[in-house]
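Position 1 is the first residue of the sequence, and the numbers go up from there.
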Amino acid sequence: MAGTSTLAVVLDGLSTAGLTTGCRHGVPWYVAHLGSQLIAALTDPNRPLVNGLADALERVAKMHPECDLNNPGTPSATVAILRHRHDALDHLVLADSPIIFNSPRGYSVITDLRVDDVLPEMKAEVERHETHTEGHREALRRFVLAQRQVRNTPDGYWVAAARPDAAEHSLTGATPLREVHAAAVMSDGASRLVTEYEMATWPEVFATLRTGGPRELIDTVRKVEATDPTGRRWPRYKSGDDAAVAFCQW
């Protein structure tokens, strides 16, 4: 996660499931450098978010030319960006880290769920197993290996990786600031409290953010997950996914 007084960026690195990536640096390195390069690329408040993301992707790729950037498993991440610009809020979402707006009309969610349409049978096979079992690990490896073959292709889904053109497949838009009371930018490891576990509503999530901030919300997610450590109630890829939240109020 990275940000300034007018910019919130949440990145969520994709799991490798223990498979090779062709990169000696790893996913945490990639996410950290992409975040800093995004902040640098978007210093001009009028620069389109898509252009800034494309520039940041290119810059990070140039930082490790010795790595195999054509490897389909090259380090990658989801991207969610919210920017306050003049009287508007610009957003960009690439993959399934959502942005949620609280407006006088209620709550609206911007997210990119194209990944959910990919290989549903293999996803179901992963979810058939409890986490921390050999069957789960093997099914997850097979699933991730198959996902890599359609990642950043017209027949699959798009994430931030080594190719700048992935930015062109982001969901983007602008919302008048007067229509928004607050917004949250988060990884799916946090949003699943509502979307997957159904243990809270968006009004409850925003109430928690207003009173206890992101830390309290993430603690709530972890407490819920602790009641189902092996994924029997809520089948998932791991017991607890990385969770990050940026909360903005006007």
Side-chain angles (χ1 to χ4, degrees), residues 1-5 7-17 26-32 34-36 38-39 77-82 84 89 91 93-103 106-113 115-116 126-127 129-133 136-137 140 159 180-250:
M1 189 167 68
T4 69
S5 60
L7 191 67
V9 177
V10 169
L11 307 174
D12 186 13
L14 270 64
S15 171
T16 66
V27 174
W29 178 94
Y30 174 79
V31 170
L34 180 58
S36 62
L38 272 169
I39 296 298
T78 70
V79 182
I81 305 173
L82 183 66
H84 179 192
L89 295 172
H91 70 260
V93 171
L94 184 62
D96 58 1
S97 289
I99 298 175
I100 305 94
F101 289 124
N102 173 208
S103 73
Y107 295 83
S108 56
V109 180
I110 300 168
T111 189
D112 172 9
L113 298 178
V115 66
D116 289 350
V126 176
E127 295 178 343
H129 299 275
E130 293 186 16
T131 58
H132 308 298
T133 64
H136 185 274
R137 284 189 289 270
L140 181 59
V159 295
V180 179
H181 295 321
V185 186
M186 59 180 68
S187 67
D188 70 331
S191 65
R192 65 183 54 223
L193 183 67
V194 176
T195 60
E196 304 295 328
Y197 305 153
E198 298 181 341
M199 295 299 288
T201 63
W202 289 122
E204 290 169 339
V205 164
F206 274 68
T208 297
L209 289 171
R210 287 189 174 95
T211 58
R215 172 45 55 195
E216 184 172 331
L217 178 62
I218 293 171
D219 286 346
T220 300
V221 174
R222 298 298 181 234
K223 289 175 183 177
V224 167
E225 291 170 338
T227 68
D228 180 42
T230 62
R232 297 187 67 181
R233 180 176 181 181
W234 299 297
R236 52 198 189 271
Y237 302 151
K238 46 189 170 182
S239 296
D241 201 0
D242 294 340
V245 181
F247 181 54
C248 313
Q249 296 187 87
W250 294 273

Before giving the answer on side-chain contact (heavy atoms from CB on, under 4.5 Å), spell out for His129 and Leu140 the whole-Å C-alpha distance, their side-chain angles and the decisive distance to 0.1 Å. CA-CA 10 Å; His129 299 275; Leu140 181 59; over 6 Å; no
Given salt bridge (Lys or Arg N to Asp or Glu O under 4.0 Å), test Asp219 with Arg215 step by step and report yes or no. CA-CA 6 Å; Asp219 286 346; Arg215 172 45 55 195; 3.4 Å; yes
For His136 and Thr133, what are the C-alpha separation, side-chain angles and deciding distance, and is it a side-chain contact (heavy atoms from CB on, under 4.5 Å)? CA-CA 5 Å; His136 185 274; Thr133 64; 3.3 Å; yes
Take Val245 and Val185, measure what side-chain contact (heavy atoms from CB on, under 4.5 Å) needs, and give me the verdict at the end. CA-CA 6 Å; Val245 181; Val185 186; over 6 Å; no
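When all heavy atoms are compared, the tightest approach of Ala183 to Phe101 is CB-CD2, 3.7 Å. Listed here is the closest heavy atom pair of Ser97 and Thr78: OG-OG1, 2.6 Å. What you find for Ala243 and Ile218 is that their closest heavy atoms are O-CD1, 3.6 Å. Between Gly189 and Val221, the shortest heavy-atom distance links the atoms O-CG1, 3.5 Å. Taking each heavy atom of Ser239 and Thr131 in turn, the nearest pair found is OG-OG1, 3.6 Å. Arg210 and Asn102 get closest at one heavy-atom pair: NH2-OD1, 2.8 Å.
Partners of Ser36 by side chain to side chain donor-acceptor pair (under 3.5 Å), not counting sequence neighbours: none found. Ser191 meets the side chain to side chain donor-acceptor pair (under 3.5 Å) test with no other residue; sequence neighbours excluded. Residues forming a salt bridge (charged side-chain N to carboxylate O under 4.0 Å, His left out) with Arg222 (at least two apart in sequence, or on another chain): Glu225. For Thr111, the side chain to side chain contact (heavy atoms under 4.5 Å, CB included) partners at least two apart in sequence or on another chain are Asp96, Pro98, Val109, Leu113. When the salt bridge (charged side-chain N to carboxylate O under 4.0 Å, His left out) test is applied to Arg233, no partner is found at least two apart in sequence or on another chain. By the side chain to side chain donor-acceptor pair (under 3.5 Å) test, Glu130 is found to be paired with Thr230, Arg232, residues two or more places apart in sequence or in another chain being considered. Listed by chain and residue number, Ala200, Thr201 satisfy the side chain to side chain contact (heavy atoms under 4.5 Å, CB included) test with Glu204 (two or more places apart in sequence, or in another chain). By the side chain to side chain donor-acceptor pair (under 3.5 Å) test, Asp116 is found to be paired with no residue, residues two or more places apart in sequence or in another chain being considered.
A distance of 9.0 Å separates CG in Leu94 from CD1 in Ile81, rounded to the nearest 0.5 Å. Within the model, atoms SG of Cys248 and CG of Leu209 stand 10.0 Å from one another, a figure rounded to the nearest 0.5 Å. For the atom pair His181 NE2 and Ser103 OG, the distance stands at 7.0 Å (nearest 0.5 Å).
Residues Val93 and Ile99 form a side-chain contact, since some pair of their non-hydrogen atoms from C-beta on lies under 4.5 Å apart. Considering only heavy atoms from C-beta on, Met199 stays 4.5 Å or farther from Thr227 through its side chain. Considering only heavy atoms from C-beta on, Leu193 comes within 4.5 Å of Leu217 through its side chain.
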Indicate every side-chain donor-acceptor pair of residues 7-17 with a distance under 3.5 Å to a residue at least two apart or in another chain.
unit_1: Ser15; atom_1: OG; unit_2: Ala17; atom_2: N; d: 3.1
unit_1: Thr16; atom_1: OG1; unit_2: Gly18; atom_2: N; d: 3.3

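Contacts classified as salt bridge (Lys or Arg N to Asp or Glu O under 4.0 Å) and involving residues 241-250 (residues at least two apart or in different chains) are given here: Arg192-Asp241, Lys238-Asp241. Screening residues 194-229 for ring-ring contact (aromatic ring centres under 6.0 Å, His included) gives Tyr107-Phe206, Tyr197-Trp234, Phe206-Phe247 as the qualifying pairs, with residues at least two apart or on separate chains.
A donor-acceptor pair under 3.5 Å is formed between the side chain of Ser187 and the backbone N or O of Ala244.
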